[in-house]
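Working notes, beginning with the structure itself.
Computed from a predicted structure; not experimentally measured. Counting starts at 1 for both ligands and their atoms, following the listed order.
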Amino acid sequence: MTDPGEFMASLDAQLKPYRGEFPSFRRLPADGLPRDEVAGLVERLAGLEEHRWRDGFASGAVYHGDPGHVAFLNRVYAAQSQSNPLHPDLWPSAAKFEAEIVSMTATMLGAEHVTPEAPVVGAVSSGGTESILLAMKAYRDFARERRGIAEPQIVAPVTAHAAFDKAARFFDMELVRVGVDADFKADLAAMADAVTDRTAVLVESAPSFPHGVIDPIPQLAALAAGRGVGCHVDACLGGFIVPWAQRLGYPVPPFDFRVPGVTSMSADTHKYGYAAKGTSVVLYRGRELRQFQFYTVTDWPGGLYLSPTFAGSRPGALSAECWAALVSIGERGYLDAARRILETGARVRDGIAAIPGLRVLGDPLWVIAFAAADGLDVFQVMENVGRRGWSLNGLQRPAAVHIAITLRHTRPGVADRFLADLGSSLAEVRASPDVHTGMAPVYGMAASLPGELVRGMLGAYLDLIFEV
Ligand SMILES: Cc1ncc(COP(=O)(O)O)c(C=O)c1O
């Protein structure tokens, strides 16, 4: 299976299960198909794929998913499906929705505690990655124009999301990755050592994707402020949970604009904001930094052009249904959802810790990473759990697996089923430690194979997605 050819063949089977089962189109059909038939095909495909996420077998992925909530979002989407925020003259409702999404998110994240000279402002983007890219581009251009830094750097713990690598590559910045401490939190001293005259921004997570732990944000923000650099808190994953965890008395440090040195944040409405996929919020302390995100063209024959994010035309319907999610759930709804998720997270964390042979990494709240002890292969455990229907996330450096608890897991019986399946999967590995199947050897080898080879395999995977 470590042979790249064999790897691709197994991916082909996994990625293209509908070959021969459903009609496929290499070119436009000469005559269009009847709408009922087309919609029926789409609905059948959705039906085939629904049960795993609906029944709580997925890590993250679908964060709410109750049929009533989904139907409500779909109703709102349908009402606004033609809207495009690029044309606020035609759809001023889109500007209303987006201004209020930004304001509600900013207020939740401490905007009422900042000084009036530098209010918290922001924009709605298409997702966490875009929010991060936008912020990093803003810091790059701010560093070049205001601080005279020709080659700005991003300083981030190794655990900060891959979107920061993407930003550095896209915007020709240097990303300085810094090791974390034994609890997988940013190492303050090492971060301080990494800051140079070229540093544009220091990055931290609340919490990090891999291990679900929150970096020491007050200390890092103080470091950033002391050195005169930006400080971005990536709360894509936790922006809509951590404020309520604080309210519920969980021991989490200040992490948002209440912390003086924090200059920007990303928070995903399409995760624990319970909107449909396709929205996130990026926030800045002060209007000046946001100006470096915006794009305007004044001399184009096509007219005066202005867009706040990377896209031109955008789906206004997604902003409408994001707004609808926020105002229909409200503070009490988010608080209650966070309570259920955090309680289930604690049960799952303690349940995993109680399984001999597994070890929980760090001190997480609801995104729980675990490694295997006794020389057992944690990726084979993930593979075996996968055969029982579960879709978990494989991590590396160190080898581990995580589950991000969502509302799907808070329903009766789901957490117990997970712990039972995990226990029996581990028992299988213990009984046959030399059996390596499916993706387990690939994950196991990825950290030791040459980067070029792994990059080639990932590129081939992306090629495969677009094969009919
Ligand atoms: C901490 C963190 N940042 C950024 C992202 C990127 O978000 P998206 O997948 O919406 O682009 C994620 C996604 O899981 C995340 O967990």
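Among all non-hydrogen protein atoms, the one lying nearest atom 14 (O) of ligand 1 is K271 CE, 3.3 Å. Closest to atom 15 (C) of ligand 1, if we only count protein heavy atoms, is H161 CD2, 3.5 Å.
For ligand 1, the atoms closer than 4.0 angstrom to any heavy atom of D268 are 7 (O), 10 (O). In the vicinity of P207, heavy-atom distances shorter than 4.0 Å reach the ligand 1 atoms 1 (C). Listed by atom number, the atoms of ligand 1 under 4.0 Å from T129 heavy atoms are 6 (C), 7 (O), 8 (P), 11 (O).
For the pair W366 and Y272, the minimum side-chain heavy-atom distance is below 4.5 Å.
In the candidate list D234, I132, T279, D234 is nearest to atom 1 (C) of ligand 1, counting heavy atoms.
Looking at E49 and R54, no side-chain N of the basic residue comes within less than 4.0 Å of a carboxylate O on the acidic one, giving no salt bridge. In this structure, D172 does not pair ionically with R140, as no charged nitrogen and carboxylate oxygen lie closer than 4.0 Å. Comment: K185 does not engage D183 in a salt bridge, judged by the lack of any side-chain N to carboxylate O separation of less than 4.0 angstrom.
Here F142 and F292 bring their ring centres to under 6.0 angstrom of each other.
By the 30° and 60° cut-offs, the orientation of the rings of Y274 relative to Y334 is parallel.
Any N or O atom pair closer than 3.5 Å counts here, and L237 shares no such pair with ligand 1.
The closest approach between a heavy atom of H270 and any atom of ligand 1 is below 4.0 Å.
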